[in-house]
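First listed ligand is number 1; within each ligand, the first listed atom is number 1. Position 1 is the first residue of the sequence, and the numbers go up from there. Source: prediction; values computed, not measured.
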Amino acid sequence: MPYLLNQFTRLRGQALRLYCPDHSHRSVSLSSNDSDQRVLSGMRPTGRLHIGHYHGALKNWVRLQHEYECFFFVADYHALTTHYQVTENIEQYTFETVVDWLAVGISPSAATIFVQSKVPEHTELHLMLSMVTPLSWLERVPSYKDQQNHMADKDLSTYGFLGYPLLQAADILAYRAGHVPVGGDQVAHLELARAVARRFNHVFGREPQFAEYAELAIDKMGKRAARLYRQARKDYLERGDSDALARARAFLGEQQNLSIGDQERLYGYLEGGGRIVLPEPKELLTTVPTVPGLDGRKMSKSYGNAIRLREKPQVVEQQVRTMVTDPARKRRSDPGNPAVCPVFALHDIYSADDVKSWAAEGCRSAAIGCVDCKAPLIDAINVEQAPFIERAEQFENNRDLVRTILVDGAERARDEARETLDDVKAAAGIGHR
Ligand code: TRP
Ligand code: SF4
């Protein structure tokens, strides 16, 4: 069948997707595979991760992998956009990043884990998106000027650096991921990704015979669903009934037997417009407070104030013992203020309520000293890390195992991204199917 399918698709283009029984079968097996069920996120390879990465992102990823279809990748091309002059660490850092992911419980059987440069579809989509992205949109991304000033020692007046938010948009849109867990600093990038998706759909979403395909897709939902959809569409298009629009959207989201392509087509058809080739992604903001580093500033490898993931318990103990506290609490007999103490901010993350109130009250009344206050924290960090250390062992000593996980992940990722790229190129008139 695949052979015939290829032959046929080349002749008939898009139309075959709607008629081919094999395809409708596949659509059923991918029914959970709609944009709203997909999560994608990435991290630059910066080497060994720290507990700030865990509480700021990875802990959330571990949870998400059981609730969504998740794609997690190491953004090695992104490292090149700012560090093209120092590339000798990228491979080692990529390995270390992946080991840390596996250590905290990101599982290759629950999520697709891969390295960006092993999935060429990212770069291909980046190029396609660049065709419709106004330069001014990229120049306006806040991080563009900020980082150029911030990293004045580097020459960042490159095409690659200007385009990196667009590469990020391609990372996301290649999987038609609906949700992207990121920190607040990435929201502008998500906005760009949405704007570019919208523009792409507007420019290229008008496939010939769009209405015909849409009608066929409606019929695939079954009689009752088709009637509901048509009525809602009519109510919206004829009377501007936005409740009907919202209802129909929600209703489409529940349809189990539509392929992503048909579903997006029907979303677009609701509003009379073209097909949505690339659905708009939303940020999934993590509500974790920033993790303070040992010196009280935000924890960051570049500040040298981090507690690494999987750090030896003795080292954690030593690091927390020397950690900055409320600077006004100079002597043991001075009362302190937990609200300005970075150690207490860690208690907020690690400790149960009773420990927190013990620490806060003891601090304010000078009933406890900072050494006492830090003790349960040291324990809590080490208890959390113990399973990470154990899990990492099998991977650290076995690069081949990690490599196999990444090869498998890249394969799975490519399968999905390829579908998008085929659609994207066909929409842009260079599908040659
Ligand atoms: N730019 C992100 C960062 O610096 C990393 C990243 C690259 C990313 N591509 C992505 C995050 C896609 C989410 C989705 O943190
Ligand atoms: Fe900070 Fe605890 Fe010392 Fe108070 S007692 S200053 S909260 S470390």
Side-chain angles (χ1 to χ4, degrees), residues 38-46 49 52-53 56-58 60-61 64 70-83 97 114-117 119 122-123 125-126 141 143 147 161 163-175 177-190 192-193 281-286 292 294 296 300 320-348 351 355-378 413:
R38 276 216 179 154
V39 161
L40 172 133
S41 201
M43 253 184 214
R44 290 176 176 230
T46 51
L49 304 180
H53 291 113
L58 294 177
N60 195 33
W61 292 14
L64 290 168
C70 285
F71 294 82
F72 299 127
F73 72 100
V74 182
D76 57 349
Y77 277 130
H78 284 263
L80 284 183
T81 63
T82 48
H83 289 66
T97 301
F114 63 100
V115 176
Q116 184 186 30
S117 63
V119 183
H122 290 236
T123 62
L125 185 56
H126 180 204
V141 173
S143 57
Q147 295 226 44
F161 182 66
Y164 96 80
L166 192 63
L167 180 58
Q168 180 164 357
D171 297 336
I172 300 162
L173 299 175
Y175 302 90
H179 307 280
V180 184
V182 285
D185 61 325
Q186 298 287 312
V187 171
H189 294 163
L190 264 290
L192 177 81
K282 286 190 273 303
E283 57 269 15
L284 254 180
L285 285 174
T286 337
L294 299 168
S300 160
V320 176
R321 270 172 188 269
T322 54
M323 182 167 176
V324 168
T325 60
D326 171 4
R329 193 172 187 204
K330 293 210 172 57
R331 280 174 300 264
R332 167 74 173 74
S333 53
D334 297 337
N337 178 6
V340 301
C341 177
V343 173
F344 194 76
L346 284 187
H347 268 303
D348 244 341
S351 302
V355 177
K356 272 196 285 191
S357 32
W358 164 81
E361 281 156 29
C363 175
R364 282 194 212 99
S365 61
I368 61 168
C370 293
V371 178
D372 309 316
C373 179
K374 287 171 172 179
L377 189 58
I378 292 166

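Here Cys341 meets the criterion, with an N, O or S atom under 2.8 Å of atom 1 (Fe) of ligand 2.
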- request: Carefully, step by step, assess Leu192 and Gln168 under the rule side-chain contact (heavy atoms from CB on, under 4.5 Å).
  value: CA-CA 9 Å; Leu192 177 81; Gln168 180 164 357; over 6 Å; no
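Side-chain N or O atoms of Asn60 include none that pairs as donor or acceptor with a backbone N or O of Ala57 at under 3.5 Å. With His189 contributing its side chain and Ser143 its backbone, the two residues share no donor-acceptor pair below 3.5 Å. Not one N or O on the side chain of Arg329 forms a donor-acceptor pair closer than 3.5 Å with the backbone of Arg364.
Every atom of ligand 2 is numbered from 1 in the order shown, and the set under 4.0 Å from a heavy atom of Asp326 is 6 (S). Close contacts of ligand 2 with Cys363, meaning ligand atoms under 4.0 Å from a residue heavy atom, involve 4 (Fe), 5 (S), 6 (S), 7 (S). Remark: ligand 1 atoms within the under-4.0 Å shell around heavy atoms of Leu40 are 12 (C), 14 (C). Using a 4.0 Å cut-off to heavy atoms of Ser41, the atoms of ligand 1 that qualify are 13 (C). Near Val180, meaning under 4.0 Å from any of its heavy atoms, are these atoms of ligand 1: 13 (C), 14 (C). Within ligand 2, counting atoms from 1 as listed, the ones closer than 4.0 Å to a heavy atom of Thr325 are 6 (S), 8 (S).
Between Tyr77 and His126, the distance separating the two ring centers is not shorter than 6.0 angstrom.
Protein heavy atom at the shortest distance from atom 5 (C) of ligand 1 is Gly42 O, 3.7 Å. Of the protein's non-hydrogen atoms, the one nearest atom 5 (S) of ligand 2 is Arg329 NH1, 3.0 Å. The protein atom (non-hydrogen) at minimum distance from atom 10 (C) of ligand 1 is Gln168 CG, 3.5 Å. At the top of the distance list for atom 3 (Fe) of ligand 2, counting protein heavy atoms only, stands Cys370 SG, 2.3 Å. Given atom 9 (N) of ligand 1, the protein heavy atom at minimum distance is Asp171 OD2, 2.7 Å. At the shortest separation from atom 2 (Fe) of ligand 2 among protein heavy atoms lies Cys373 SG, 2.4 Å. In this structure, the protein non-hydrogen atom closest to atom 15 (O) of ligand 1 is Gln186 NE2, 3.6 Å. Summary of contacts: the protein heavy atom closest to atom 7 (C) of ligand 1 is His78 NE2, 3.4 Å.
The minimum heavy-atom distance linking Ser333 with Ala366 is given by the pair O-CB, 3.6 Å. Nearest heavy atoms, Arg44 versus Thr81: NH2-OG1, 3.7 Å. Nearest heavy-atom pair, Ala177 versus Val39, reported as atom, atom and distance to 0.1 Å: CB-C, 4.4 Å. Residues Ala174 and Leu125 share a closest heavy-atom pair of N-CD2, 3.3 Å.
At a 4.0 Å cut-off, at least one heavy atom of Phe73 sits close enough to ligand 1 to count as contact. Heavy-atom separations between Lys374 and ligand 2 are all 4.0 Å or longer. Remark: distances from the non-hydrogen atoms of Gly336 to ligand 2 are all 4.0 Å or more.
Note: Tyr175 and Phe114 have tilted aromatic rings, judged against thresholds of 30 and 60 degrees for the angle between ring planes. Using cut-offs of 30° and 60° on the angle between ring planes, the pair Tyr164 and His78 is perpendicular.
In this structure, Ser41 OG and Phe71 CZ are separated by 13.0 Å, a value rounded to the nearest 0.5 Å.
With a heavy-atom cut-off of 4.0 Å, Gln116 does not touch ligand 1 at all.
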